[in-house]
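So the structure is just underneath, and the comments pick up after that.
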Amino acid sequence: MSHVITINADVSHGTINRNIYGHFSEHLGRCIYEGIWVGEDSKIPNTEGIRNDVLEALKKLKIPVLRWPGGCFADEYHWKDGIGPRENRKRMINTHWGGVVENNHFGTHEFMRLCELLECEPYISGNVGSGTVQEMSEWVEYMTFDGVSPMAEWRKENGREKPWKLKYFGVGNENWGCGGNMRPEYYADLYRQYQTYVRNYGENKLYKIACGPNVDDYRWMETVMREAHPFMDAISLHYYTIPGEFWTGKGPATGFTEQEWFTTMKKALYMDELITRHSAIMDQYDPNKRIGLIVDEWGTWYDVEPGTNPGFLYQQNTIRDALVAGLTLNIFHEHNDRVVMANIAQIVNVLQSVILTEGEKMLLTPTYHVFNMYKVHQDAERLDTHISGSEYEMDGDKIPQVSVSASKDAEGKIHVSLCNVSHDSQADVSVALRGLGGPIFKIKAEQLAADSLDAHNTFEAPDALTPSTFSAYEVEEGVLHAKLAPMSVTVFEITAG
Ligand code: AHR
């Protein structure tokens, strides 16, 4: 199957915001507890309670931004329960996620420390569904006020003299569902009210994010934009790739059919249509694209692993997830005029994770490897790219077989990421590299590929699926010819000029 790609290296379509490579961590299942936080007394090596193996692996990914504490948990979370001496912190039932006891040992100070250690920006989701305006306002004061005030004094008593720098603040989560089952008209009014008291203190300038729609709820987008757009910096969108149906069976994470593979790819590609259509609605109220679209929950969602708590959303992660990650990141790149951040759900042990843990063991998933290969695109200039070629067909249904995105980094290196979604056909691609400004000096490439649909890493074989150097290519008169394996994600680095 052949594909012709043209990359115009001298035509830029703007910067790919590094925050597109963001992550999401919720008090859900084993994401925070065990996945990140083990406590200072744990026999698992840790830094101030945060496990070292996970920390080191995440640092390597250059995570730009991390969202917390939810998700649905955010609209049940009362931040004052999670500060002060840990032994005195209030215990609560995490009613939404498995009915387990939440001891509040991981709170504001621990989250902010995690972000410091990861050198990433914190993104806090405030409680609109069951919290008050005052509670939200005081949280911002606690975190960011540098002076004498009740909240700032309390923060100091709890061991943090200087305020933290906080930019990203979400006013509610999924308020159309778990965050209060609101109508968009009602939420838009609440948004206007709550955000009024989300203050900027001193030099700290908040970037306020309104709760946006679920999937294709265009009425939600239209209403919230119409009623509240002057008061927001961004609005969110949530879309999960579910091969089956949400309520009746999403499908297994491993042991699935070729048809389920195809459906997963097709549903992942739907992200492109969603962004295009939501963005068109935003254009009516914000033609200059001041307001960002933030896809702060995305990724695959399957049935939980057999025998695990259904409320913990623990799933394996295979080469199929790697392809969903690669396709989706390529889509976000192409919409870099509107999509300013995205947060894959969720960082450890929940849904499409980059890391899985089991007690003291840890493994990196195929999705981790894609994020690692793709990190070269962060803050790079998106290059003008065109593709034509054969499609991937199943039972009369068709989708494009190859997805491509290219960017140029600050040093002038060009990176081209390619996904071959076919489960059984190699893709022969010819990439015409134009506008390089000189000869090609060096090319190197890495590929993540597998020979079974559900190839994955286990705690017994954590490196069964890792990227390897890719060499099935040659360059002829400025055209790169490559043979991409079925079910593969490939990233080229080209030095020229
Ligand atoms: O990521 C899991 C859940 O999915 C989040 O808590 C919620 O916002 C969404 O429905």
Side-chain angles (χ1 to χ4, degrees), residues 24-27 65-84 89-90 92 94-96 102 104 106-112 115 121-147 149-155 158 160 163-182 184-202 204-212 224 227-236 294 296-297 341 343:
F24 169 37
S25 57
E26 180 166 11
H27 289 239
V65 59
L66 182 60
R67 179 173 183 246
W68 174 83
C72 295
F73 184 78
D75 282 275
E76 290 192 277
Y77 183 61
H78 300 286
W79 69 271
K80 291 178 188 174
D81 298 341
I83 55 170
R89 292 188 194 173
K90 188 172 159 185
M92 67 182 276
N94 191 334
T95 47
H96 209 92
E102 159 69 53
N104 274 306
F106 190 88
T108 305
H109 291 251
E110 291 78 11
F111 174 67
M112 289 303 210
C115 292
E121 298 257 15
Y123 167 11
I124 300 249
S125 276
N127 180 345
V128 172
S130 70
T132 63
V133 174
Q134 180 179 1
E135 182 181 4
M136 185 180 285
S137 176
E138 288 182 340
W139 198 5
V140 171
E141 180 188 328
Y142 185 90
M143 291 185 282
T144 65
F145 186 67
D146 192 8
S149 84
M151 293 301 122
E153 292 309 299
W154 199 10
R155 182 190 69 231
N158 288 330
R160 175 79 188 194
W164 292 281
K165 187 179 159 292
L166 174 68
K167 182 170 179 188
Y168 300 106
F169 194 88
V171 180
N173 167 76
E174 294 197 354
N175 302 95
W176 38 261
C178 65
N181 287 306
M182 300 172 194
E185 294 81 1
Y186 181 66
Y187 172 74
D189 279 347
L190 279 190
Y191 175 80
R192 292 168 64 118
Q193 180 189 2
Y194 275 68
Q195 68 77 37
T196 306
Y197 303 94
V198 170
R199 306 278 190 205
N200 287 326
Y201 292 108
N204 195 73
K205 295 283 173 281
L206 291 167
Y207 183 90
K208 298 177 192 176
I209 302 157
C211 167
V224 176
E227 301 301 333
H229 69 91
F231 303 97
M232 66 178 78
D233 296 300
I235 186 163
S236 65
I294 292 187
D296 57 18
E297 289 188 29
M341 189 196 291
N343 308 74

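Being a predicted model, the structure only gives us computed values, none of them experimental.
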Applying salt bridge (charged side-chain N to carboxylate O under 4.0 Å, His left out) to Glu138 and not counting sequence neighbours gives Lys80
- More than 12 non-hydrogen atoms from neighbouring residues, nucleotides or ligands closer than 6.0 Å to NZ on Lys90, yes or no? no
With sequence neighbours left out, the residues meeting side-chain contact (heavy atoms from CB on, under 4.5 Å) with Asp189 are Arg192
Output for pair (Asp81 CG, Arg89 CZ), nearest 0.5 Å, gives 10.0 Å
Sorted by chain and number, sequence neighbours left out, side chain to side chain donor-acceptor pair (under 3.5 Å) with Tyr194 holds for none
Sequence neighbours excluded, the answer for side chain to side chain donor-acceptor pair (under 3.5 Å) partners of His109 is Tyr142
Hits for side chain to side chain donor-acceptor pair (under 3.5 Å) against Glu297, two or more places apart or cross-chain, chain-then-number order -> Arg67, Tyr240
Item to check | Distance flag, aromatic centroids of Tyr77 and Trp68, threshold under 6.0 Å | outcome: yes
Sorted by chain and number, sequence neighbours left out, side-chain contact (heavy atoms from CB on, under 4.5 Å) with His96 holds for Cys72, Glu76, Asn94, Cys178
Hits for ring-ring contact (aromatic ring centres under 6.0 Å, His included) against Tyr201, two or more places apart or cross-chain, chain-then-number order -> Phe145
Side chain to side chain donor-acceptor pair (under 3.5 Å) filter on Gln193, not counting sequence neighbours, yields none
The complete set of salt bridge (charged side-chain N to carboxylate O under 4.0 Å, His left out) pairs with one or both residues in residues 164-181, sequence neighbours excluded, reads Glu121-Lys165
Residues passing the side-chain contact (heavy atoms from CB on, under 4.5 Å) test with Asp146, sequence neighbours excluded, are Lys162, Pro163
Sequence neighbours excluded, the answer for salt bridge (charged side-chain N to carboxylate O under 4.0 Å, His left out) partners of Glu185 is Arg183, Arg219
Hits for ring-ring contact (aromatic ring centres under 6.0 Å, His included) against Tyr168, two or more places apart or cross-chain, chain-then-number order -> Tyr207
